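Chain identifiers are assigned alphabetically (A, B, ...) following the order of the sequence lines, protein sequences preceding nucleic acid strands; residue numbering begins at 1 within each chain. Atom set for the values below is all heavy atoms of this structure, side chains included, hydrogens, waters and symmetry mates excluded. In this text the structure is predicted, and so the values were computed from the model without any measurement.
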Amino acid sequence: MEKVITGKAFVLGDKIDTDQIIPAEHLVYSLSDPEEKKKYGYYAFSGVPLPESGLPMGHKPFIKGDNYQSEYAIIIGGGNFGCGSSREHAPFALQVAGVKAVIAESYARIFYRNCVDGGFLIPYEGFEKLNDKIKTGDDLEIDISANLVKNLTTGDEFLLKPLGSVVSIIEAGDLFEYARKTGMIAKG
Amino acid sequence: MGMTITEKILAKAAGKSRVTPGESVWLSVDVLMTHDVCGPPTIDIWKREFGPEAKIWDKEKLVIFPDHYIFTANTHAIANVAKLRDFAKEYDLPNYYDPGTERYKGVCHMALAEEGYNVPGTVLFGTDSHTCTSGAFGMFSTGVGNSDAAFILGTGKIWEKVPESMLFWFDGEIPPYLTAKDMILQIIGDITTDGATYRAMEFAGPGVMSLPISERMTLTNMAIEAGGMNGIIEADELTEAYVKARTDKSYELFKSDPDATYHSKYSYDLSKMEPMVAKPHSPDNKDTVRNVQGTKLTKCYIGSCTGGKLEDFQFAAKLLFGQTVKTPTYIVPASTWVDQQLDVETVNGVSLREIFVKAGCTIGESSCAACLGGPSDTFGRAQDDEVIISTTNRNFPGRMGSKKSAVYLASALTVAASAIHGVITDPRDVM
Ligand code: SF4
């Protein structure tokens, strides 16, 4: 596991559901085919209405042009991030787009589990609402051992909630690596 | 200290005498369900992680219902179903329900009930957030992603954090203008879309136990819309009769102890409740139908695992009998069994199908259809800036296919009443 995550912030509002993260019509693409899976990056956050895409100003596409990778690596969300369907395509799409971590006020259960068990990205919770304190494009640095996010653009620092009991799965990489490490399943 | 029904079932599945909310436990899974959207990636992860020697932990316990993107020309969607078909063939799976054959069932949550996979006291996981529906049978059921499902496929086990329980108690008898959909929209509006995150939602009281099975399923179905891990209703004689008619699997009845601990308790008097809607763009954006009546509509939709069950069509047919719809109205039976029942069940001696056709409704084939938008050729899909009233469960932006559309969620009674007038209408005004 990386100790420090750096990247530009992409800021969103409350209740970003999985249809906004990856609209249902795109769920038909293969997640294992190396070319086809790029589509998930290309369409990541394409369901977010433009005025709410990249706050506070909005109207900032997460993906520019024909790319499948975003210039933003850290998502700042509000409450109930990832609510809606169980589709693991959602954290997968964010991973393909280059997202390393999400910092939200709270998460929907299945999205949170998927991030951790699938090893796609780290789902952090803030102690306070951060999507009105960080702006899209700000340079951020997350210090994982200190549970701290620094805003390099403004100099602000915010403590994050410790990852708790799932930290052993995050450290192992994903649920399967965790199970191999602990002897639950045979080493591959 | 007593335990809730959810805690008792999880304790049993964890092989413990008791569990406490907040504790993480490894559960033995009784049934794993998947479908055409999440099945193929689940299989890929399972093969990748367990290698060429990968074994399915128990074929009898794996159930696959393709249901999401079935009636479409989209080549990717067709390839996904083909992948499931090949997988079922390769591993000689007993519980695969292939589209295009007699075995095809329609929407997975309805099919789980109809085919006897919902068994009181058991633990069921599915790669679909509405897997919580099965909780109406006095069992623990919840949705998981592909990695978790792949892990279960290989091991039969999964970790879960024991949820705190919330109790929703209903007194009184349900009035004829009210349905389970109104009850659950009221609750979600009261507690919001994350009001039950990581918790169990337990529905109880005489007002719940007097509901038929499919109406109980409407309550548990939408637990996820409040963020709930699971929805649950104790099994009673009605449940037992339903289950026994469909499977000879043994079952165990669990009940919450009188001194069980709840995170919170809510109580409702059915005689005082109103027909409800969830306004665009969130299932917790509640209002009474009265407050939004007159809103002009471009489409009415009755379908999905929430609102496409037989009771929903019986509600709708009572109002649509002898009427003509003013707004294009789409009907999608949740399962092929429900579809067949449209010819069997009658109102005033006329079959439900005939009532709908005569009223000018369009009837589609059983599947998820426009409930989640789907490929561009999906039946009933939202176009452009439509204003839709629907018996489905989600109205987040774009859910039914168009980001610009506005979707109101309501009961089948309210949708049928609204179809007659072309504007949102309280069912009491046409009854
Ligand atoms: S009908 Fe809708 S809610 Fe139900 S399983 Fe299908 S897409 Fe999901």
Handout entry: Any donor-acceptor N/O pair, A:Ser86 side chain to B:Thr127 backbone, under 3.5 Å
Key = yes
Practice task
Please flag which part of A:Tyr178 lies under 4.5 Å from any non-hydrogen atom of chain B: side chain, backbone, both or neither.
Solution key: side chain
Practice task
Could you tell me whether the side chain of B:His76 reaches within less than 4.5 Å of the side chain of A:Lys39, counting heavy atoms only?
Solution key: no
Exercise for the section: Using a cut-off of under 4.5 Å on heavy-atom pairs, state which of B:Asp128, B:Thr42, B:Ile78 scores highest against chain A. Expected result: B:Asp128
Handout entry: Residues, nucleotides or ligands: over 12 heavy atoms within 6.0 Å of A:Lys129 NZ
Key = yes
Handout entry: Which portion of A:Ser106 sits near chain B, non-hydrogen atoms under 4.5 angstrom
Key = side chain
Exercise for the section: Determine the interplanar angle of the B:Phe151 and A:Phe176 rings, folded into 0 to 90°, and report it as parallel if under 30°, tilted if 30 to 60°, perpendicular if over 60°. Expected result: tilted
Practice task
Considering non-hydrogen atoms only, spot the tightest contact between B:Trp159 and A:Val166 and give its length.
Solution key: CH2-CG1, 4.0 Å
Exercise for the section: Pick whichever of B:Val144, B:Thr75, B:Ile224, B:Thr192 has the most heavy-atom pairs under 4.5 Å with chain A. Expected result: B:Val144
Problem - Under 4.5 Å from a heavy atom of chain B, the part of A:Tyr112 involved - result: side chain
Handout entry: Contact winner vs chain A - B:Asp148, B:Asn80, B:Leu372, heavy-atom pairs under 4.5 Å
Key = B:Asp148
Problem - Side-chain heavy atoms of B:Thr142 within contact of A:Arg109, under 4.5 Å - result: yes
Handout entry: Any A:Ser32 side-chain heavy atom under 4.5 Å of B:Asp44 side chain
Key = yes
Problem - Top contributor to chain B contacts, counting heavy-atom pairs under 4.5 Å, from A:Asp174, A:Leu27, A:Leu175, A:Thr18 - result: A:Leu175
Exercise for the section: Please examine the side chains of B:Pro41 and A:Phe92, heavy atoms only from C-beta on, and report whether any two atoms are closer than 4.5 Å. Expected result: no
Exercise for the section: Taking all non-hydrogen atoms of both residues into account, name the closest pair between B:Ser24 and A:Ser165 and its distance. Expected result: OG-OG, 4.3 Å
Problem - Which of A:Gly47, A:Pro23, A:Ala108 touches chain B most, by non-hydrogen pairs under 4.5 Å - result: A:Gly47
Practice task
Taking the side chain as every heavy atom from C-beta outward, state whether B:Asn74 and A:Glu25 have any atom pair closer than 4.5 Å.
Solution key: no
Handout entry: Part of A:Ile110 lying under 4.5 Å from any heavy atom of chain B
Key = side chain
Handout entry: Gap separating the CD1 atom of A:Ile185 from the CD atom of B:Glu49, nearest 0.5 angstrom
Key = 7.0 Å
Completion exercise
If you tally heavy-atom pairs under 4.5 Å between each of A:Asp17, A:Asn114, A:Leu31, A:Ile169 and chain B, the highest tally belongs to A:Asp17
Handout entry: B:Asn146 backbone acceptor or donor facing A:Glu88 side chain under 3.5 Å
Key = yes
Problem - Derivation of the side chain to side chain contact (heavy atoms under 4.5 Å, CB included) call for B:Lys403 and A:Asp19 - result: CA-CA 10 Å; B:Lys403 260 200 272 188; A:Asp19 278 286; over 6 Å; no
Problem - Main-chain N/O of B:Pro397 paired with A:Gln20 side-chain donor or acceptor, under 3.5 Å - result: no
Problem - Flag, side chain of A:Arg87 to backbone of B:Cys38, donor-acceptor distance under 3.5 Å - result: no
Handout entry: Proximal component of A:Val116, with respect to chain B [non-hydrogen, under 4.5 Å]
Key = neither
Handout entry: Salt-bridge contact B:Asp194-A:Lys15 (side-chain N to carboxylate O under 4.0 Å)
Key = no
